[in-house]
2 protein chains.
Amino acid sequence: MQDPLSSLPGYVLSRAAAAALAELNRGLAKLGVRHSDVSLLILVNANPRLTQSDAGKLLDIQRANMVPLVSRLLELSLISKEPVDGRSQGLLLTSKGKKLLKEAQAVIDHHEVQLQLLIPEHLRPHLLPILHALWDSSRSKTS
Amino acid sequence: MQDPLSSLPGYVLSRAAAAALAELNRGLAKLGVRHSDVSLLILVNANPRLTQSDAGKLLDIQRANMVPLVSRLLELSLISKEPVDGRSQGLLLTSKGKKLLKEAQAVIDHHEVQLQLLIPEHLRPHLLPILHALWDSSRSKTS
DNA sequence: CCGTATTGCTATTGCCAATAGCATTTCTTA
DNA sequence: TAAGAAATGCTATTGGCAATAGCAATACGG
């Protein structure tokens with residue numbers, strides 16, 4: 001059986017990412033959240049009163065698509081909104097949100113460790129630089 | 001602005017893959033196909049009379065999800081079906097499919113080259129081994 | 001021959017992203 | 001300061017892709 005795809009870095013990149021994401025979501029499912037939820041929680045935790053729009057810019061999620069994401073976290077009482085001015089509202093973690101984030105962090109930490117363990121030791125230091133090289137270029141285009 | 005996400009390999013992996021995929025799809029859009037279409041075309045080209053089910057196993061796409069994909073390519077006359085036995089049908093590239101694949105290959109080749117160019121030269125040889133390390137582990141779980 | 005597995009399919013659901021458009025508020029600057 | 005431009009949050013819709021459950025027809029194996 002010929003498999004010309006597994007020699008294409010682009011293809012393997014997608015598959016590796018999909019596998020990692022699926023694995024992460026399996027871990028997060030226990031907490032009732034998805035990876036996108038957690039990425040927002042992490043961001044809000046690090047930047048209290050972050051605007052929904054600004055969070056979207058960092059996460060590369062468009063304003064329109066932030067709405068259901070934020071609504072969901074509001075409904076779960078994981079975040080709250082606090083008016084900043086007449087149109088913007090700063091996001092904050094509730095105590096429930098902080099507690100859940102702590103649990104999610106444990107899941108993520110474990111996930112990241114597992115990821116590293118998959119890679120032969122001598123290649124491990126190169127993982128992040130390579131991925132950043134691939135990602136950062138697209139960032140300069142987008143923003 | 002704190003960005004705790006960009007130090008997480010798992011997160012950066014997803015973003016890098018998403019960026020690469022989006023870029024590839026931009027290139028393929030001119031041809032009226034998507035990356036998933038092309039991955040199937042490549043596979044069928046390398047393995048004529050491949051069964052839809054077997055292609056799904058290689059691409060990690062479930063049988064049910066292969067249906068719309070194959071239907072689309074049939075409708076575009078890029079592939080054809082040839083009965084193998086009472087239930088299976090082998091997939092074949094039509095001449096139109098071969099022609100389009102050749103154009104798509106050019107797009108992909110260019111895409112893969114660009115990908116490599118983003119990475120500092122001394123890291124380039126490590127790209128594929130690292131990605132395979134991440135991907136292959138999930139393959140042994142799945143199959 | 002009979003139970004089991006396989007193949008292709010329908011139908012539905014969920015997640016995530018993209019687009020277009022809208023009302024409100026803020027900023028800019030002439 | 002008034003007027004145009006930009007930002008913010010939102011609605012509504014669409015598309016791509018994956019997951020699940022279930023079905024009919026066919027093939028396989030003891």
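In the text below, chain A, chain B and the rest are named by the order of the sequence lines, each starting its count at 1.
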**Student:** Rounded to the Å, how far apart are B:Met66 CE and C:dA11 P?
**Tutor:** 20 Å
**Student:** Nearest whole Å is fine: how far is C:dC16 P from B:Tyr11 OH?
**Tutor:** 12 Å
**Student:** Rounded to the Å, how far apart are B:Arg63 CZ and C:dA5 P?
**Tutor:** 13 Å
**Student:** Report yes if at least one side-chain N or O of A:Lys57 is closer than 4.0 Å to OP1 or OP2 of D:dA7; otherwise report no.
**Tutor:**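 No, no such contact exists.
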**Student:** With a 4.0 Å limit, can you tell me whether B:Ser36 has a side-chain N or O closer than that to the phosphate oxygens OP1/OP2 of D:dC17?
**Tutor:** yes
**Student:** Is any side-chain nitrogen or oxygen of A:Arg34 closer than 4.0 Å to OP1 or OP2 of C:dC15?
**Tutor:** yes
**Student:** Mind checking the OG1-CE spacing from A:Thr51 to A:Met66? Nearest 0.5 Å is all I need.
**Tutor:** 10.0 Å
**Student:** Should the pair A:Glu23-A:Arg26 be classified as a salt bridge under the 4.0 Å nitrogen-to-oxygen rule?
**Tutor:** yes
**Student:** Give the rounded distance in Å between these two atoms: CD of A:Gln52 and P of D:dT11.
**Tutor:**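 Answer to the nearest Å: 10 Å.
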**Student:** Side-chain N or O of A:His35 versus OP1/OP2 of C:dC16: is the shortest distance under 4.0 Å?
**Tutor:**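 Yes.
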**Student:** Do the side-chain N or O atoms of B:Gln62 get closer than 4.0 angstrom to the phosphate oxygens (OP1, OP2) of D:dA18?
**Tutor:** no
**Student:** Given C:dT26, D:dT11, D:dA27, identify the nucleotide with an atom nearest to the side chain of B:Asp85.
**Tutor:** D:dA27
**Student:** Would you please classify the geometry between the A:His126 ring and the B:His126 ring as parallel, tilted or perpendicular, with 30° and 60° separating the classes?
**Tutor:**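 Parallel: the ring planes of B:His126 and A:His126 meet at under 30°.
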**Student:** More than 12 non-hydrogen atoms from neighbouring residues, nucleotides or ligands closer than 6.0 Å to CD on A:Gln2, yes or no?
**Tutor:** no
**Student:** Nearest to the B:Asp54 side chain among C:dT7, D:dT8, C:dT26, which nucleotide is it?
**Tutor:**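 Shortest atom-to-atom distance from the side chain points to C:dT7.
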**Student:** Between B:Lys96 (side chain) and B:Ile79 (backbone), is there a donor-acceptor pair under 3.5 Å?
**Tutor:** no
**Student:** What's the CD-P distance between A:Gln89 and D:dT8, to the nearest Å?
**Tutor:** 12 Å
**Student:** Quick one: is A:Ser88 getting a side-chain N or O under 4.0 Å of the D:dT8 phosphate, OP1 or OP2?
**Tutor:** no
**Student:** Could you tell me the separation between the CG atom of A:Leu69 and the P atom of D:dG9, rounded to a whole number of Å?
**Tutor:** 13 Å
**Student:** Just how far, in rounded Å, is P of C:dA11 from CG of B:Asn65?
**Tutor:** 15 Å
**Student:** Does a side-chain N or O from A:Lys81 land closer than 4.0 Å to OP1 or OP2 of D:dC10, or not?
**Tutor:**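 The answer is yes; a side-chain N or O of A:Lys81 sits under 4.0 Å from OP1 or OP2.
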**Student:** Look at the side-chain N and O atoms of A:Ser53 and state whether any lies under 4.0 Å from the OP1 or OP2 oxygen of D:dA7.
**Tutor:**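 It does not, given that no N or O in the side chain of A:Ser53 lies less than 4.0 Å from OP1 or OP2 of D:dA7.
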**Student:** Mind checking if B:Ala64 touches a base, just sugar-phosphate, or nothing, with heavy atoms under 4.0 Å?
**Tutor:**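 Base: the residue B:Ala64, judged by heavy atoms under 4.0 Å, touches a nucleobase.
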**Student:** Just the rounded figure in Å: distance from C1' of C:dA18 to CG of B:Asn25.
**Tutor:**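 Going from B:Asn25 (CG) to C:dA18 (C1'), I get 13 Å.
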**Student:** If you pin B:Ala22 and A:Arg87 to their nearest nucleotides in DNA chain C, which one's is more 5'?
**Tutor:**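 The 5'-side residue here is B:Ala22.
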